[in-house]
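Okay, so here's the structure we're looking at.
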Amino acid sequence: MGEEVVKKPKRKERMPMPEQDPKVRATNFKEVPLGYTEEMAIEEAIRCAQCKVPACVCGCPVNINIPAFIKEIAEGNFAAAARKIKETNALPAVCGRVCPQESQCEAQCVYNRMGRAICIGRLERFAADYERDNNLIELPEKAQPNGKKVAVVGSGPSGLTVAGDLIQLGYEVTIFEAFHKPGGVLMYGIPEFRLPKAIVESEVNYLVQLGVKIQYNSIVGKTVEVDELLGEKGYDAVFIGVGAGLPKFLGIPGENYGGVYSANEYLTRSNLMKAYKFPEYDTPIVMGKRVCVIGGGNVAMDSARTAVRLGADTYIVYRRAREQMPARGEEIHHAEEEGVKMMLLTNPVEIIGDEDNMAKALKCVKMELGEPDESGRSRPVEIEGSEHDIEFDLIINSIGANANPLLTKSTEGLELNKWGYIVADDYGKTSKDNVWAAGDIVTGMATVIEAMGAGRMSAMDIHEKLMGVPKNIEISPEALPDDLECTLPETKK
Amino acid sequence: MYEIVSMKELVPDIFEAVVKAPEMAKKAKAGEFLIVMADEKGERIPLTVADYDREAGTITIVFMTIGKSTYKLSKMKAGDSYYAFVGPLGHASEIKDYGTVICVAGGVGTAPIYPIARALKKAGNKIITIQGARNKDLIFWEDKMASVSDEHIIMTDDGTHGRKGLVTEPLKEILERDGDKVGIIYAIGPIPMMKFSALTSKPFGNLTMVSLNSIMVDGTGMCGGCRCEVKGETKFTCVDGPEFDGHQVDWNLLGSRQRIYLDQEKESLDNYKAEEGA
Ligand SMILES: Cc1cc2nc3c(=O)[nH]c(=O)nc-3n(C[C@H](O)[C@H](O)[C@H](O)COP(=O)(O)OP(=O)(O)OC[C@H]3O[C@@H](n4cnc5c(N)ncnc54)[C@H](O)[C@@H]3O)c2cc1C
Ligand SMILES: Cc1cc2nc3c(=O)[nH]c(=O)nc-3n(C[C@H](O)[C@H](O)[C@H](O)COP(=O)(O)OP(=O)(O)OC[C@H]3O[C@@H](n4cnc5c(N)ncnc54)[C@H](O)[C@@H]3O)c2cc1C
Ligand code: SF4
Ligand code: FES
């Protein structure tokens, strides 16, 4: 690694990320990727061609000026690189770790066709970590107070983005958060070994230093109502970023036995309540000897990798084929390296319990891939007579989330779609006066960066409505040449 | 932080704390609960709103020490603060004129039933209270309950106070005598007491509301840890309850789900007591 630092793109391959050895990391909760050294970061950064029309930028939902920050790294100005990123992304240390770069910025990189896209995410992470670890974080200049008050409901990525943008524009911003910690899914969902909680807290702390107030343990819809915020509490606008947050269950017999969790509960116990440190922390968790995680997405991988670390023999049970797993390739790869086994084309039909209603086995049927449906995905069909029981003492349901109705049901005049998600326009404006919404509660579960991107749109719209300042959308797809084939990540409705 | 204004041991192992929580105090209603964390490493445990004072901005909780979390709470003093205190949560009791209401309180269940009885009394109901405990020393809030009851029956297992026997005995007698006047029964206490109260009233067909004490995490419908089965359907105690029709509850499942962490809870409490002792 880095014996010869030549200022010339000699090596053409992607700079690999040093990682904890799978055998070792399967027994601890420390972060898996270790991060680039300065030499590695520079070596990777000088590979960038500094394209005149950078396609990567348009692959990024918040349009980070990618070539500019990479140039700073190449020149050794690491803190400057971080500041460049922060012009458009308030949470670079988070995004550098959890964004699906392979389908966003890196997918658009000119080198991607040769399978050698610049490692944009790793460089982003490097710059942000460098700035934080060396105490070089500087607060940006804030506009003069404009006398307007905005309430942000939820401290997930969307809420944090809105809060960060508006505080800099001179607003008084208060976040109302249901839990006792900030970050939303960043804190309670994504495990420590993928996103250390100290990093989330430090990113939130940055906002607090900027003047954002956070009221924890405040459930909007219970402790305080949206109309109360807009009325007697005197807020000029309310932004709702409460996430999806309602676990789905399969609806098969036996699902209420002990030892059956939703991924939400399992991960919340482990991450937010730190049950993996029980009994130092008071919250217990069912450890399980043979654990099954039902589902094939990122949440399933996070659950399975947590179970491995808690000492279990861990299996993923997924009803389709491997190619159809929605999880990121990297996540599946990491899980398998750590010893997670895959039971593919296997569909659970019943949970079997013992005399004290604790789960002891999962009844499954084998599936085979049938004719492709309209979406082109082959539909799995049951193989007759393939029913079999597999012994498990812990079963984690990871088949997705729905919209939590707690806030939406108690708020009058807020239009919802038929699944209970909030209806909002491209700028997050809802049907209710002075109320905006974005993130998972509008789109259904998406990504951190999409929630942030949508939050930014809401912040700009709020600014326009309250202060009359026209929205300033620096780089939009329209501004880029037609022949660029820029495929922005779909903004789902 | 949520400051403890006053703290006292009502009877052995049952404590009352009055807590500064102005926002919650403004909204709290009978039947709702809250979630409390003693400190940053604490568990989120649900406790019923036992009383509230909207002017003083305080909430009263009453808890029995059974595991580490409640022990931790019992060690805190006036002037200390809880790390988290969240609510009010769940549905409030449906308060209206039912005619006659029987309130059956078992042990620590007296605390949650008190504000319900008070609200129902105010709504014009005739309140018959059956308050039970193992013995005389474990009866608390007798005067408070008396102040909202038209008829107040005390039951102890050993007969050291009031009548000797279980709360289900007078319940059955009243239903036999005046069952058709009873619009609703509230039964709150330990699982066996709620279960047998519901079984007692079932043949008479009077609606019997119980307040389930499932193990919880968030209390907002986000985790599903508080699942229970009512009328064969899955419900989340925190957002669909905590009150349900006792005739429809799957009591075995509820009991089993409370024992999920039995071994770990024991370990946790033993460690804690050893540390405290040291
Ligand atoms: C296990 C898991 C792993 C994931 N991994 C990735 C990944 O690697 N990369 C990626 O890009 N995306 C990932 N995602 C998806 C991503 O985390 C979400 O899309 C994103 O967090 C959504 O942000 P949000 O701001 O909409 O809400 P959330 O992050 O859900 O935050 C909502 C916040 O609002 C609070 N809240 C809810 N209701 C109320 C209320 N009534 N009053 C006050 N506060 C309330 C919640 O407590 C929470 O803090 C993952 C999701 C999960 C569950
Ligand atoms: C909506 C609701 C309202 C409640 N209101 C009150 C209240 O006003 N006062 C009060 O004292 N308690 C109340 N409870 C019960 C209280 O939450 C539990 O006693 C508490 O969580 C125990 O925590 P612990 O760590 O001290 O004991 P743990 O270590 O968690 O438990 C020790 C043992 O007690 C038993 N246990 C566990 N959880 C419960 C439970 N929920 N109920 C009964 N036994 C249990 C188990 O067998 C367990 O092994 C309520 C519960 C709910 C869901
Ligand atoms: S597309 Fe690739 S080479 Fe071009 S600026 Fe972006 S990262 Fe650099
Ligand atoms: S406590 Fe989590 S859903 Fe009820």
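Note on naming: letters A, B, ... go to the chains in the order of the sequence lines (proteins, then strands), and numbering restarts at 1 for each one. Values reported hereafter were calculated over all heavy atoms of this structure, with side chains retained and with hydrogens, waters and symmetry mates removed.
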field: Heavy-atom neighbours of Glu280(A) CD exceed 12 at 6.0 Å
entry: yes

- prompt: What part of Asn271(B) gets closer than 4.5 Å to chain A, counting heavy atoms only: side chain, backbone, both or neither?
  reply: side chain

message: Side chains of Tyr281(A) and Glu40(B), heavy atoms from C-beta outward: is any pair under 4.5 Å?
response: no

Reported CE-to-OH distance for the pair Met222(B) and Tyr188(A), which is rounded to 0.5 angstrom: 4.0 Å

- prompt: Under 4.5 Å between any side-chain heavy atoms of Val86(B) and Lys222(A), yes or no?
  reply: no

- prompt: Does any heavy atom of chain A fall under 4.5 Å from the side chain of Arg259(B), the backbone, both, or neither of them?
  reply: side chain

query: Relative to chain B, which of Asn357(A), Asn256(A), Thr223(A) shows the most heavy atom pairs under 4.5 Å?
result: Asn256(A)

message: With heavy-atom distances below 4.5 Å as the criterion, would you say the side chains of Met273(A) and Glu43(B) are in contact?
response: no

task: Applying salt bridge (Lys or Arg N to Asp or Glu O under 4.0 Å), run through Asp282(A) and Lys68(B) and close with a yes or a no.
output: CA-CA 8 Å; Asp282(A) 297 345; Lys68(B) 181 174 179 183; 2.7 Å; yes

message: Nearest 0.5 Å, please: how far is CE in Met287(A) from CG in Asp263(B)?
response: 11.5 Å

message: Is Gln264(B) close to chain A through its backbone or its side chain, or both, or neither, when contacts mean heavy atoms under 4.5 Å?
response: both

Where His180(A) and Ala84(B) come nearest, the two heavy atoms and their spacing: CB-CB, 4.3 Å

- request: Using heavy atoms and a sub-4.5 Å threshold, report which of residues 232-249 of chain B line up against chain A, by residue number.
  value: Thr234(B), Phe236(B), Val239(B)

Donor-acceptor side-chain pairing of Ser256(B) and Asp356(A) below 3.5 angstrom: yes

message: Please output the residues of residues 400-411 of chain A in contact with chain B, using a heavy-atom cutoff of under 4.5 Å, in numerical order.
response: Asn404(A), Leu406(A)

message: If I compare all heavy atoms of Asn217(A) with all of Tyr83(B), which pair ends up nearest, and what's the gap?
response: ND2-O, 3.9 Å

- prompt: In residues 71-79 of chain B, which residues are in contact with chain A at a heavy-atom separation under 4.5 Å?
  reply: Lys72(B)

message: Please rank Gly258(A), Pro247(A), Gly243(A), Gly245(A) by heavy-atom pairs under 4.5 Å with chain B and give me the top one.
response: Pro247(A)

task: Given side-chain contact (heavy atoms from CB on, under 4.5 Å), test Arg227(B) with Val260(A) step by step and report yes or no.
output: CA-CA 10 Å; Arg227(B) 306 198 292 295; Val260(A) 183; 3.8 Å; yes

Heavy-atom check, side chain of Phe278(A) versus side chain of Glu267(B), under 4.5 Å: yes

field: Closest-packed option against chain A by number of heavy-atom pairs under 4.5 Å, given Ser268(B), Cys228(B), Gly221(B), Ser69(B)
entry: Gly221(B)

- request: Supply the atom-to-atom distance Ile219(A) CD1 to Leu89(B) CG, rounded to the nearest 0.5 angstrom.
  value: 4.5 Å

query: By a 4.5 Å heavy-atom criterion (distance strictly below it), what part of Ile45(B) contacts chain A: side chain, backbone, both, or neither?
result: neither

query: Which answer fits Glu228(A), side chain, backbone, both or neither, if we ask what part of it has an atom under 4.5 Å from a heavy atom of chain B?
result: side chain

query: Under 6.0 Å from the CD atom of Glu391(A), do we count more than 12 heavy atoms belonging to anything else shown?
result: no

- request: Please state whether the side chain, the backbone, both or neither of Lys277(A) comes within less than 4.5 Å of a heavy atom of chain B.
  value: neither

field: Among the listed options Ile285(A), Thr268(A), Leu272(A), the residue most often paired with chain B at heavy-atom distances under 4.5 Å
entry: Ile285(A)

message: At under 4.5 Å between heavy atoms, what parts of residues 16-37 of chain B are in contact with chain A? List them by residue number.
response: Glu23(B), Lys26(B), Lys27(B), Met37(B)

- prompt: For the atom pair SG (Cys223(B)) and CG (Leu246(A)), what is the distance rounded to the nearest 0.5 Å?
  reply: 10.5 Å

- prompt: Is there a side-chain contact between Val217(B) and Arg269(A), using heavy atoms and a 4.5 Å cut-off?
  reply: yes

